[in-house]
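Below: one structure, written as structure tokens.
Each chain gets a letter, A, B and so on, in the order its sequence line appears, and its residues count up from 1. In what follows, every heavy atom counts, from backbone to side chain, and hydrogens, waters and symmetry copies are set aside.
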Number of protein chains: 2
Amino acid sequence: MTNNVPRVVIVGAGFGGLTAAQSLAHLPIEVTVIDRHNFHYFQPLLYQVATAALSPADIAWPIRGILKRQKNTAVLMANVTGVDPEQRLVHAGPATIPYDYLILATGATHSYFGHPEWASVAPGLKQIEDATAIRRRILMAYEQAELIEDVEERRRLLTFVVVGGGPTGVEMAGAIAEVAHHALPTEFRRIDPHATRVILIEAGPRLLPTFPEDLSAYAQQALERMGVEVMTLSRVTHCDERGVDLEGARIDAGTIVWAAGVIASPAAEWIEAERDLAGRAKVGPDLTVSGRPEIFVVGDTAAAVDETGRTLPGIAPAAKQMGRYVAEVIAARVANRPRPGPFRYRHQGDLATIGRKAAVVRLDHIHLKGILGWLFWGFAHVYFLIGLRNRAVVALNWLWNYLTYQRGARLIVDGPDAQQAAQAEKVKPLESSVEVSRSQTNMAGQDWR
Amino acid sequence: MTNNVPRVVIVGAGFGGLTAAQSLAHLPIEVTVIDRHNFHYFQPLLYQVATAALSPADIAWPIRGILKRQKNTAVLMANVTGVDPEQRLVHAGPATIPYDYLILATGATHSYFGHPEWASVAPGLKQIEDATAIRRRILMAYEQAELIEDVEERRRLLTFVVVGGGPTGVEMAGAIAEVAHHALPTEFRRIDPHATRVILIEAGPRLLPTFPEDLSAYAQQALERMGVEVMTLSRVTHCDERGVDLEGARIDAGTIVWAAGVIASPAAEWIEAERDLAGRAKVGPDLTVSGRPEIFVVGDTAAAVDETGRTLPGIAPAAKQMGRYVAEVIAARVANRPRPGPFRYRHQGDLATIGRKAAVVRLDHIHLKGILGWLFWGFAHVYFLIGLRNRAVVALNWLWNYLTYQRGARLIVDGPDAQQAAQAEKVKPLESSVEVSRSQTNMAGQDWR
């Protein structure tokens, strides 16, 4: 074993970690990438998996496959449970891995503003598993509604609440409305999917708060044209299995999607670094944490600031730029070259899609909306996918989707456990309710179709 | 409600049930199709989902989508728990559905020859969920092996046992060997996937017992060339989490796939019909059960015999022919026309694929093998898929697979519950074993890579 070769351990193979690994490809070092999944995925299209337009495999790639030609790099699938910064060790399942340089790129998860109990009733959209769970809820709502007679309960099942008016919330609300009004209407015999209510709730005064005001206004108009009810200046005070409470109002709903808050993964805790309010590790201009020049933090779990003191946004381009920068710093140190200057973030623009022929794009001083924004958004996303196969499959699915209004991945499958859990969760309350027993009698007697 | 319109209820939307529904499209009747899934799937390609070549959505279609233009047909997603043949009612979740004609097409499941406890350690391959569970096991075996030091345990994890030498067993063994020898070798740094053992166990004297002997011999040679160890005349006497016992031998294995026995779904029990040993309902020449001219049974859950008294095989073409025939009988009865003659099964041939450029095909007196059989098999399967999108996606995936040796759907995802269950199941025994603690120390000290 060549013990003089510097060892770099990267925890997390999202945009930041993977870019760092790829940027270290040709150095005389040993790189180990650890992730709890065996795949890297393209988070910006997760909402399309959640709304049955794409399959998980369309937007994900095995990490090993991406890095296999990189001879200095090993990949481990393991759950990292902690770091020992004194001994310079990472604890990952049955293995303990020493490092000379550590890059933490473990991302972020949903924040329920001090109400973790809302997580089970209002899933967020960060992981592939979140997307398939939300897909199952959306599709099951229609299946359940078709199966029962109770009009109130049907109405509840066909009400979808999306909490949070950022890009993810806007994209989810638009996509659910498209499923309801385009993909499903001809397929049900008892319920009318056009009766679906999609309600998008935003605490602030406008949707897409990080976008220019004209694009926010356009997004709201476009969503309303699609039948989405947009409620700004509305704050969710409670979530439960049957709906949400706002300040002074109750919305009964069958499905709640959480797109409101984000909190960093516990990486900062592992290394006992200083944190900001969102749990992100505060990093210096070279993206290391204070007092640990060998530990870098990148992406959504880093609280990095730009020259003006503003915290960088938690988006893919920022994570990639940080990953690339950290690789440069390590390369310089390994080669005993002078270090690069401080990290500088270059904001490339903001994109959000609303639905068919409607998206908003801001690139420096250019604002695009409508069909032009939508085409730009589509080409940009296909371009950023990895590999010819996924680009072709996604483009083919989108073309088919556009021409037929159909969605190709409308399967309710999630492994037998999840399936049974969902069944138990959703069917049992109905069976025991009085209204349903009554309606059962009706159905058996004469009222069935 | 038009109560004079005859009501046909179809339970199960596999090949038999779906074909029956489609054949009833233009009749003045009310058709209700009930399935516990919201999709129909193409079972012959399930092994490709299990071995990460295809995604579930590539071989499955929402039942509602397939039948949406059929105005006389409603679809319900519900678990049928029983039938009341006296009252002519089907119990399906919260709903109770009356019928005038009932078609039971509920298929078959695995049989463990009186050892249902083997099911959890040796999953079979019937449902989409089975395929994703087996995929997870296969891929996790390599991930686990890469993570540990213990040589014996690594060897066990890289040993795959397939029980049953029929088409499914042959296809699974061949596909696992391809994954091991073509897709994975360059991606691991510590283990060598070429060290994988794939063992195919068949109780009878030859593989593919329903095929002509020359094709059986070819299949065995082709598998052995791919590195599969074929053991004929070998009977499994016990399965557990760490391997299988044969008569007089033990094989330690990380993954066991069950492709041996089949038993019918409980449909025959619901209607208290006479059953054969595999639990199938005995049906007369018009595919109704004795004494119930309004109840038809089709597909794998029917024990139908041909003119010579042989029970029909449990394959897709037989199920489809039965579904079509039953629709004709119902159409004749509804129109008060003379009934069609007895059901006649027409055997179209047998197909099984082994791997790249190797398959066996028997069509009447034509036997194909090698690349010719493989091309025939590929075109036939793409042809039988439903819809342009899935044909294009599957063909594209196969082409990519063929050119690159890669597999596009190599994700370990199954919803958070299944994921955690798998982790708990697989990782914990390792953590607590002495060998691994020892190796951990080694790794932390110096032995890592």
So for [X], is it side chain, backbone, both, or neither that comes closer than 4.5 Å to the heavy atoms of chain B?
{"X": "A/Q70", "answer": "backbone"}
{"X": "A/V75", "answer": "backbone"}
{"X": "A/T186", "answer": "both"}
{"X": "A/L399", "answer": "neither"}

Review point. Atom CD in A/E30, atom CD1 in A/I97: separation rounded to 0.5 Å?
Key: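 It comes to 12.0 Å.
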
Exercise for review: Enter the distance from A/T81:OG1 to A/R36:CZ here, rounded to the nearest 0.5 Å.
Suggested key: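 Here the interatomic distance stands at 12.5 Å.
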
Check your understanding: With no hydrogens and no angle check, is any side-chain donor or acceptor of B/N390 less than 3.5 Å from a backbone partner on B/L385?
Key ->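 No; judged by distance alone, with no hydrogens or angles, the pair does not exist.
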
Check your understanding: Would a distance-only check, ignoring hydrogens and angles, find a side-chain to backbone donor-acceptor pair under 3.5 Å from B/N38 to A/L411?
Key ->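 Side chain of B/N38 to backbone of A/L411, a donor-acceptor pair under 3.5 Å: no, none is there.
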
Practice item. Among the options B/L67, B/L139, B/N397, B/V393, pick out the one with the most heavy-atom pairs lying under 4.5 Å from chain A. Key: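 Looking at each option in turn, the highest pair count goes to B/N397.
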
Exercise for review: Measure from NZ or CZ of B/R410 to the centre of the six-membered ring of A/F39, then state whether that distance is under 6.0 Å and the direction lies within 45° of the axis.
Suggested key: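 B/R410 over A/F39 ring: no.
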
